[in-house]
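Here the structure comes first, spelled out in structure tokens, and everything after it is commentary.
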Amino acid sequence: MICGERLISPHAFRDDLGEPRCGLCRRLEQPFAKAVAYGSYEGGLRDLIHMLKYHSVRPAANVLGRMLAEVIDGLAPSWNNASLLVVPVPLFSAKLRQRGFNQAELIARVALKLSSYRERLALSVDVLDRARDTQSQTGLTPHQRRANLRGAFRVMDRAAILGREIILVDDVLTTGATASECARVLRRAGATRIWVATVARTLKAEVQAIHFEPEENTTMTMAAHG
């Protein structure tokens with residue numbers, strides 16, 4: 001219900017209100033209210049994102065933006081304010097120059113044109129800045145990921161977000177460390193609530209079944225994929 005992570009069973013991990021939560025969200029309060037994605041980061045969806053990010057096939061942003069619009073519209077029943085700011089996760093300046101565009105911004109612009117709530121949404125690409133580059137998060141522990149991102153983002157216009165609800169937009173949510181750090185910085189600068197909307201989300205392996213092997217010494221095995 002909070003971070004969008006896959007659960008083995010929605011009945012096994014419920015909070016006091018009866019809502020399913022993963023282990024991390026039960027132990028720690030997330031800096032964002034909810035993170036939602038259109039689909040799992042695999043197959044055709046992953047290929048489409050790679051076409052945009054790594055091969056500069058910009059028309060792919062139109063398809064991805066349509067998906068993101070559906071995600072944003074799904075969050076609407078939870079909004080309180082009359083209008084919200086839509087903030088794309090920024091790229092470091094050197095990477096932005098190299099790529100020539102911020103894929104999160106391209107997707108967000110399309111989504112806002114197609115959203116049923118576009119009159120209540122305002123794109124803001126200058127409110128959040130990536131102050132420094134960071135090393136790849138691959139292979140880092142959760143603690144190392146958080147440390148790697150500390151100080152990487154800064155709010156450039158505090159007055160613009162003071163007392164506002166914000167939709168933080170990105171193409172993919174992998175570990176959630178980047179979204180959490182952005183949300184933390186925005187909250188500290190005065191934003192009231194942060195929603196995270198992405199096209200795709202990397203999900204952990206799902207335990208599909210538990211079965212017994214018909215051997216002399218019966219053992220329990222788990223079949224997992226992901």
Side-chain angles (χ1 to χ4, degrees), residues 3-4 30-32 35-38 41 45-62 64-65 67-68 71-72 84-112 122-162 164 166-191 194-202:
C3 71
Q30 296 282 11
F32 49 81
V36 182
Y38 180 86
Y41 185 53
L45 185 53
R46 179 176 58 189
D47 293 342
L48 195 60
I49 292 172
H50 282 198
M51 286 172 61
L52 175 61
K53 289 176 68 172
Y54 305 122
H55 301 289
S56 299
V57 182
R58 297 202 184 197
N62 295 327
L64 297 171
M67 296 174 179
L68 184 66
V71 175
I72 291 175
L84 295 88
L85 289 181
V86 177
V87 178
V89 172
L91 290 178
F92 184 59
S93 56
K95 183 172 290 186
L96 181 61
R97 288 194 299 269
Q98 180 185 22
R99 184 171 295 169
F101 60 88
N102 178 359
Q103 72 279 356
E105 180 183 340
L106 290 184
I107 297 170
R109 288 187 181 279
V110 175
L112 263 62
L123 183 66
S124 181
V125 298
D126 299 321
V127 71
L128 189 64
D129 177 58
R130 192 156 193 154
R132 64 175 178 84
D133 201 6
T134 53
Q135 71 178 92
S136 171
Q137 299 280 77
T138 304
L140 301 182
T141 66
H143 175 75
Q144 290 171 331
R145 292 189 189 109
R146 291 191 294 270
N148 184 40
L149 289 166
R150 289 290 180 182
F153 299 96
R154 60 186 176 186
V155 172
M156 305 302 291
D157 188 353
R158 289 176 176 265
I161 68 169
L162 186 63
R164 302 290 299 273
I166 292 174
I167 303 175
L168 183 69
V169 169
D170 207 355
D171 56 338
V172 181
L173 189 148
T174 306
T175 65
T178 298
S180 293
E181 180 63 13
C182 288
R184 187 186 69 83
V185 170
L186 290 166
R187 287 279 303 275
R188 286 185 62 184
I194 313 295
W195 311 94
V196 180
T198 62
V199 177
R201 196 209 197 286
T202 301

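- You'll find the side chain of Phe32 stays beyond 4.5 Å of the side chain of Cys182, heavy atoms only.
- For the atom pair Leu128 CG and Asp126 CG, the distance stands at 10.5 Å (nearest 0.5 Å).
- In terms of heavy atoms, Leu45 sits closest to Met67 at CD1-SD, 3.6 Å.
- A pairwise comparison of heavy atoms in Leu85 and Ala160 identifies CD1-O, 3.3 Å as the closest pair.
- Remark: Leu168 CG to Ser180 OG distance equals 9.5 Å, nearest 0.5 Å.
- Closest of all the heavy-atom pairs between Leu106 and Ala61 is CB-CB, 4.1 Å.
- Taking every heavy atom of both residues into account, Arg150 and Arg132 meet most closely at O-NH2, 2.6 Å.
- At a threshold of 4.5 Å between non-hydrogen side-chain atoms, the residues Met156 and Asp129 count as touching.
- In this structure, the side chains of Arg158 and Leu162 stay at 4.5 Å or more apart for every pair of heavy atoms.
- A side-chain contact (heavy atoms from CB on, under 4.5 Å) with Leu52 is found for exactly one of Val57, Ile107, Asp171, namely Ile107.
- Distance check, rounded to the nearest 0.5 Å: CZ of Arg97 to CG of Leu91 gives 11.5 Å.
- With hydrogens and angles ignored, the 3.5 Å screen pairs no side-chain donor or acceptor of Arg154 with any backbone N or O of Ala131.
- Residues Val199 and Leu48 form no side-chain contact, since every pair of their non-hydrogen atoms from C-beta on lies 4.5 Å or further apart.
- Residue Asp47 qualifies as enclosed at atom CG: its count of foreign heavy atoms under 6.0 Å is above 12.
- In this structure, the separation between CG on Asp170 and CZ on Arg201 is 12.5 Å, given to the nearest 0.5 Å.
- Residues Leu68 and Val110 form no side-chain contact, since every pair of their non-hydrogen atoms from C-beta on lies 4.5 Å or further apart.
- Separation of atoms CD (Gln103) and CG (Leu96) is listed at 9.5 Å; rounding is to 0.5 Å.
- Checking side-chain atoms of Asn102 against main-chain N and O of Val89 turns up a donor-acceptor pair under 3.5 Å.
- Val127 approaches Asp157 most closely through the heavy-atom pair CG2-O, 3.6 Å.
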(request) Determine, step by step, whether Ile49 and Tyr41 satisfy the side-chain contact (heavy atoms from CB on, under 4.5 Å) criterion, reporting the C-alpha distance in whole Å, the side-chain angles of both residues, the deciding distance to 0.1 Å, and the verdict. (result) CA-CA 9 Å; Ile49 292 172; Tyr41 185 53; 4.1 Å; yes

(request) Walk me through it: do Thr178 and Phe153 pass the test side-chain contact (heavy atoms from CB on, under 4.5 Å)? (result) CA-CA 9 Å; Thr178 298; Phe153 299 96; 3.8 Å; yes

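- Atom CZ in Arg99 sits 5.5 Å away from atom NZ in Lys53 (nearest 0.5 Å).
- Between Ile194 and Arg184 the shortest side-chain heavy-atom distance does not fall below 4.5 Å.
- Leu64 is not listed as a side-chain neighbour of Met51, based on a closest heavy-atom distance of 4.5 Å or more.
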(request) For the pair Val172 and Thr202, evaluate side-chain contact (heavy atoms from CB on, under 4.5 Å) and give the outcome as yes or no after the intermediate values. (result) CA-CA 7 Å; Val172 181; Thr202 301; 4.2 Å; yes

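- The minimum heavy-atom distance between Ala104 and Val169, with the atom names listed, is CB-O, 3.8 Å.
- Pro31 places none of its side-chain heavy atoms less than 4.5 Å from the side chain of Val185.
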(message) Under the criterion side-chain contact (heavy atoms from CB on, under 4.5 Å), I'd like the reasoning laid out for Val196 against Val36: C-alpha separation, chi angles, the key distance, then a yes or no.
(response) CA-CA 6 Å; Val196 180; Val36 182; over 6 Å; no

